[in-house]
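Note sheet for the following structure.
If you're wondering where the values come from, they're calculated on a predicted model, not measured in any experiment. All chains are named by letter (A, B, ...) in the order of the sequence lines, taking the proteins before the strands, and each is independently numbered beginning at 1.
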2 protein chains.
Amino acid sequence: MRIGELAAEAGTTTRALRYYESRGLLPARRDGNGHRTYDERDLAQVRQIRTLQDFGFGLEETRPFVECLRAGHAEGDSCPASLVVYRRKLEELDSMIERLGAVREKVARQLARAERARDELAAGAPAPGGPEPVCELGGRG
Amino acid sequence: MRIGELAAEAGTTTRALRYYESRGLLPARRDGNGHRTYDERDLAQVRQIRTLQDFGFGLEETRPFVECLRAGHAEGDSCPASLVVYRRKLEELDSMIERLGAVREKVARQLARAERARDELAAGAPAPGGPEPVCELGGRG
DNA sequence: TGTTGCCTTGACGTCGGCGTCAGGCCGTAG
DNA sequence: CTACGGCCTGACGCCGACGTCAAGGCAACA
């Protein structure tokens, strides 16, 4: 199969596949015309790459999985190096989720505080210490 | 105050401040030598930018807050446009956290499955359907 | 014989938020 | 006089994963 067909089968583009090759992730045979040719094993490798990328893995992080497939394993995560990447990614995900959760709480508290201040201003005091500043400097009306 | 001092006070760099200016976020007066001069209000604006960036806001997202401060408000989130950004960011954070949580579970399940397969292979069958493929192609030993 | 379609290589563009370097001005301290 | 520090502008570099364009080759089909 040629590069266009592989791209279609794997749900990606020819540009991405050439890029993988340039990174040493997807070596290609050539036919008489100099065109790249691939087989089912290459398709499995590309699918492995796409799956991991959907999980947020960087290209380099997919390398152990691809090499594991090329070594003949049925699954890309049958090799120790792949498991190491899994574990590292789990730690990354946990710390990212924790950080994002903390930020979420801070933003939520800021929003609640700002809304409270706005409501109090609207309800009670129509100018406690001078004229109100005008929001939206460059308003379009 | 000049740009170096402002950068030190705000915990950033002169390069970042000039970048903000180039984006129209931080207009600067000039002294006789053509040097940028700033006051306390500029400092407050820069601090607002940094705080939001620590929360993961992009520069453009800080703009309503900065303009709100420049309009004379004591807080950058006293204006409706800032609240809109808060709410949008909360939604983004929620969906990101949800996505990451789902990915985390998938990766954890993949890891568990792969470890189980490895253990079963090590314990039971030392070659059920042919020779084992060799992991780590380019091993360094 | 042209036209389409797929392929090739090479190289520059994208996005964000700056870092870093080059070349030069201004004021001050030794 | 010279060195140094801080400032100026302008421009290229960086990271990741490609997108996009240019210029050309080769095969099939009308």
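- Following rounding to the nearest Å, B:N33 (CG) and D:dT9 (C1') show an atom-to-atom distance of 15 Å.
- Between A:H73 and A:C79 there is a side-chain heavy-atom pair separated by less than 4.5 Å.
- Heavy atoms of other residues, nucleotides or ligands lying less than 6.0 angstrom from CD of A:E98 number 12 at most.
- In this structure, B:R15 atom CZ and D:dC12 atom P are separated by 13 Å, rounded to whole Å.
- The CD atom of B:E21 sits 12 Å away from the C1' atom of D:dT9 (whole-angstrom rounding).
- Taking 4.0 Å as the cut-off between side-chain N and carboxylate O, B:E21 and B:R30 count as a salt-bridged pair.
- DNA chain D is contacted by both B:H35 and A:T13; B:H35 maps to the nucleotide lying nearer its 5′ end (nearest heavy atom per residue).
- Remark: B:R41 CZ is loosely packed, at most 12 non-hydrogen atoms of other residues, nucleotides or ligands lying under 6.0 Å away.
- Of the side-chain N and O atoms in A:Y20, one or more sit less than 4.0 angstrom from OP1 or OP2 of D:dC18.
- Atom C1' of nucleotide D:dC7 and atom CG of B:D31 are separated by 9 Å, given to the nearest angstrom.
- Per the geometry, CZ belonging to B:R29 stands 18 Å off C1' belonging to D:dC8, to the nearest Å.
- If you measure from atom CG of A:L59 to atom P of D:dC18, you get 6 Å, rounded to the nearest angstrom.
- In this structure, CD1 of A:I49 is placed 13 Å from C1' of D:dC18, rounded to the nearest angstrom.
- Side-chain N/O atoms of B:R2 include none lying less than 4.0 angstrom from OP1 or OP2 on D:dG5.
- Not one side-chain nitrogen or oxygen of B:R36 sits closer than 4.0 Å to the OP1 or OP2 atom of D:dC7.
- Here A:R18 lies in heavy-atom contact (under 4.0 Å) with a base.
- At D:dG16, none of the side-chain N or O atoms of A:Q53 fall inside 4.0 Å of OP1 or OP2 (strictly under the cut-off).
- Contact footprint of chain B on DNA chain C: nucleotides with an atom under 4.0 Å from a non-hydrogen protein atom, first to last in 5' to 3' order, C:dG17 to C:dG27.
- The cluster map of Ile, Leu, Val, Met, Phe, Trp and Tyr, joined by side-chain heavy atoms under 4.5 Å apart, puts B:L93 and B:F55 in the same cluster.
- Residue A:F57 contributes atom CZ, which lies 13 Å from atom P of D:dA17 at whole-angstrom precision.
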query: Which is it for A:R63 and A:E60 under the salt bridge (Lys or Arg N to Asp or Glu O under 4.0 Å) test, yes or no, and what are the steps along the way?
result: CA-CA 5 Å; A:R63 192 180 296 275; A:E60 276 312 310; 2.7 Å; yes
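- Annotation: side chain of B:L69 is not in contact with side chain of B:R47 (no heavy-atom distance under 4.5 Å).
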